[in-house]
Amino acid sequence: MTTKGRRVSRREQHRIGGTGASVTVRNTLIAYAFMLPFLILLVVYHTWPVIFGSYLAFTKYNIISPPQWVGLDNFRELFADEQFWSGLRNSLKYVLVVPVIQVISILVALLVNRPLRGIGFFRTAYYVPVVTSFAVVGLIWSWLYKQGGAVNSVLMGLGLMRGDHSLLDNPATALFAVMFVTLWKGIGYYMVLYLAGLQGISRELEEAATIDGATRSQVFWNITLPGLRPTILVCSLLSTISAIKVFEELYVMTPNGYPAGSTYSALMYSFSKAFGGDFNFGLAAAASMVVAVVSILFGLINFRLTKGGRSDA
């Protein structure tokens with residue numbers, strides 16, 4: 001026995017459809033209402049500064065007088081300044097820390113992804129440097145790097161250093177010494193991201209490959225690593241941008257590019273032009289815009305190397 005459904009008139013269909021549409025609109029408005037505080041803060045503290053800073057790059061501005069349009073004059077002055085090029089070269093050198101921190105973070109994530117007793121303690125221990133202020137971290141490592149410090153004692157004990165001298169006082173080693181601190185501080189942050197990526201990879205794929213006779217290294221290269229490709233893209237983008245716009249760690253540990261300008265970065269140049277006595281905010285904004293363009297170019301390179309972050313797992 002079958003029961004024939006009640007026919008719905010066209011007028012009732014329109015009424016039901018109109019009710020559904022109104023519910024959808026109401027839900028959308030509610031969602032945007034919840035998002036509104038964040039969107040306001042985003043516009044005030046991110047979007048507007050970017051727009052206004054881009055405008056200042058083409059003006060002469062010192063806070064006291066209104067901005068005066070000068071076109072490309074700031075960029076001509078910028079590209080003719082050897083100090084800026086020196087800072088940009090140091091910022092690009094800092095990118096060398098990116099592949100190192102990514103490889104180590106993946107290895108650490110693999111290590112703490114195992115269901116071992118007390119693994120939560122090790123995850124926390126690796127993450128503690130991330131939440132520590134760089135002012136504190138910089139002071140601690142400056143003390144470790146100083147002449148007669150713990151780092152020198154270890155290096156001389158291993159035969160890797162001749163003579164007791166601070167790594168931060170040597171123009172040949174100062175930048176790399178600060179890069180190591182960035183590496184040490186950032187491992188925990190990227191470890192957490194890679195740990196989330198690892199836990200999103202299907203265990204069935206890895207178990208099936210192991211049953212089929214794949215070794216642990218084959219599982220890693222053919223399943224785990226391709227599955228981490230989206231996370232690798234995100235982490236490499238974040239670390240590359242952070243490296244190019246490096247400022248805080250250099251400013252804390254090696255003020256004003258000490259020694260002999262070997263740690264002078266592009267953003268340090270921008271900061272000095274804006275707040276170092278010149279108050280040339282137009283030139284500072286132009287330098288920041290160049291750094292932003294370089295960051296975008298490196299971002300495109302990251303997209304190419306990671307195949308757009310497409311996961312194969």
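Note: hydrogens, waters and symmetry copies are ignored here, and every other heavy atom, side chains too, is used.
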Requested in this report: Consider only side-chain heavy atoms of I, L, V, M, F, W and Y, link residues closer than 4.5 Å, and tell whether L139 and M179 are in one cluster.
Outcome: no

The salt bridge (charged side-chain N to carboxylate O under 4.0 Å, His left out) partners of E249 (sequence neighbours excluded) come to none

Interatomic distance, CD@Q218 vs CG@D212, rounded to 0.5 Å, equals 11.0 Å

Please report the C-alpha distance between S105 and Y189 in whole Å, then the side-chain angles of each, then the deciding distance to 0.1 Å, and finally whether the side-chain hydrogen bond (donor to acceptor under 3.5 Å, both in side chains) criterion is met.
CA-CA 8 Å; S105 298; Y189 176 76; over 6 Å; no

Practice task
Could you walk me through whether F134 and V181 pass the side chain to side chain contact (heavy atoms under 4.5 Å, CB included) test, one step at a time?
Solution key: CA-CA 10 Å; F134 213 105; V181 178; 3.9 Å; yes

Grouping ILVMFWY residues whenever side-chain heavy atoms fall under 4.5 Å, the cluster of L237 otherwise contains L233, F303

side-chain hydrogen bond (donor to acceptor under 3.5 Å, both in side chains) pairs touching residues 279-302, sequence neighbours excluded, are T240-N302, S270-S288

CZ of F279 to OG of S65, rounded to nearest 0.5 Å, is 13.0 Å

- Are any non-hydrogen side-chain atoms of D278 and N62 less than 4.5 angstrom apart? no

Side chain to side chain contact (heavy atoms under 4.5 Å, CB included) between K245 and S91, worked out: CA-CA 7 Å; K245 65 182 187 68; S91 295; over 6 Å; no

For the residue pair R114 and I119, establish whether any side-chain heavy-atom pair is separated by less than 4.5 Å. no

Checking L250, L92, I244 against S265 for side-chain contact (heavy atoms from CB on, under 4.5 Å), the one that qualifies is L250

Do V98 and V95 have side-chain heavy atoms sitting under 4.5 Å apart? yes

So ring-ring contact (aromatic ring centres under 6.0 Å, His included) across residues 94-126, not counting sequence neighbours, yields none

Q.
Applying a strict under-4.5 Å side-chain criterion to I, L, V, M, F, W and Y, I'd like to know whether I101 and L238 cluster together.
A. yes

Notebook entry, point to check: Are M191 and L111 connected in a single hydrophobic cluster, I mean Ile/Leu/Val/Met/Phe/Trp/Tyr linked by side-chain heavy atoms less than 4.5 Å apart?
Noted result: yes

Decide yes or no for V100 and L96: does some side-chain heavy atom of the first lie under 4.5 Å from some side-chain heavy atom of the second? no

Between T263 and the options N90, N256, T254, the side chain to side chain donor-acceptor pair (under 3.5 Å) test singles out T254

| query | Is there a side-chain contact between T231 and C235, using heavy atoms and a 4.5 Å cut-off? | reply | yes

Ring pair (Phe, Tyr, Trp, His ring centres under 6.0 Å) filter on F275, not counting sequence neighbours, yields F271, F281

Sorted by chain and number, sequence neighbours left out, salt bridge (charged side-chain N to carboxylate O under 4.0 Å, His left out) with D73 holds for R76

F84 meets the ring pair (Phe, Tyr, Trp, His ring centres under 6.0 Å) criterion, sequence neighbours left out, with Y269

When rounded to the nearest 0.5 Å, the distance separating NZ of K60 from CG of L283 is 11.5 Å

Under 3.5 Å, is there a donor-acceptor pair between the side chain of D81 and the main chain of E77?
no

Going by chain and number, the hydrophobic cluster around I241 (ILVMFWY, side chain to side chain under 4.5 Å) further includes none

Side-chain donor/acceptor pairs under 3.5 Å, residues 154-164, sequence neighbours excluded:
from	atom 1	to	atom 2	distance (Å)
D164	OD1	G148	N	3.0
D164	OD1	N152	ND2	2.8
D164	OD2	G148	N	3.1

Residues pairing under ring-ring contact (aromatic ring centres under 6.0 Å, His included) where one sits in residues 150-186, two or more places apart or in two chains, turn out to be W141-F180, W141-W184

- prompt: Under 3.5 Å, is there a donor-acceptor pair between the side chain of T59 and the main chain of G282?
  reply: no

Value for CG (L193) from CD1 (I232), rounded to nearest 0.5 Å, stands at 12.0 Å

Practice prompt. Take atom CZ of R216 as the centre, draw a 6.0 Å sphere, and report whether it contains more than 12 heavy atoms from other residues, nucleotides or ligands.
Written response: no

- Task: Check whether any side-chain N or O of Y145 sits under 3.5 Å from a backbone N or O of A177 as a donor-acceptor pair, and report yes or no.
- Result: yes

Residues passing the salt bridge (charged side-chain N to carboxylate O under 4.0 Å, His left out) test with R203, sequence neighbours excluded, are E206

Give every donor-acceptor pair under 3.5 Å between a side-chain atom in residues 27-40 and any protein atom, sequence neighbours left out.
from	atom 1	to	atom 2	distance (Å)
N27	ND2	V23	O	3.3
T28	OG1	T24	O	2.8

Scanning both residues in full, the closest heavy-atom pair of A57 with M289 reads CB-CE, 4.0 Å

Rounded to the nearest 0.5 angstrom, the NZ-CG distance for K273 and N74 is 11.5 Å

Contact check, side chains of L56 and P67, non-hydrogen atoms, under 4.5 Å: yes

What one should report as the nearest heavy-atom pair of A266 and V291 is CB-CG2, 3.6 Å

Of all heavy-atom pairs linking P230 and P226, the shortest is CD-O, 4.3 Å

Note, Q102 side chain near S239 side chain (heavy atom, < 4.5 Å): yes

Tightest non-hydrogen contact, residues V246 and L267, listed as O-CB, 4.1 Å

Separation between CG (L205) and CD1 (I223), nearest 0.5 Å, reads 5.5 Å

Notebook entry, point to check: Does the T132 side chain pair with the main chain of V128, one donor and one acceptor, at a distance under 3.5 Å?
Noted result: yes

Exercise. Is there a path of hydrophobic side-chain contacts, each under 4.5 Å between heavy atoms of I, L, V, M, F, W or Y residues, that connects Y258 with L168?
Worked result: no

Next item on the list: Please assess F75 against F58 for the test ring-ring contact (aromatic ring centres under 6.0 Å, His included), listing each intermediate value before the final yes or no.
Entry: CA-CA 8 Å; F75 292 95; F58 300 93; 5.4 Å; yes

Validation row: W85, F79 side chains within 4.5 angstrom (heavy atoms)
yes

In terms of heavy-atom contacts, G53 and A285 come closest through O-CB, 3.4 Å

inquiry  = Let me check something: do W48 and I63 share a hydrophobic cluster, defined by ILVMFWY side-chain heavy atoms less than 4.5 Å apart, either directly or through other members?
reply    = yes

Here the pair of heavy atoms bringing P171 nearest to P259 is N-CG, 3.6 Å

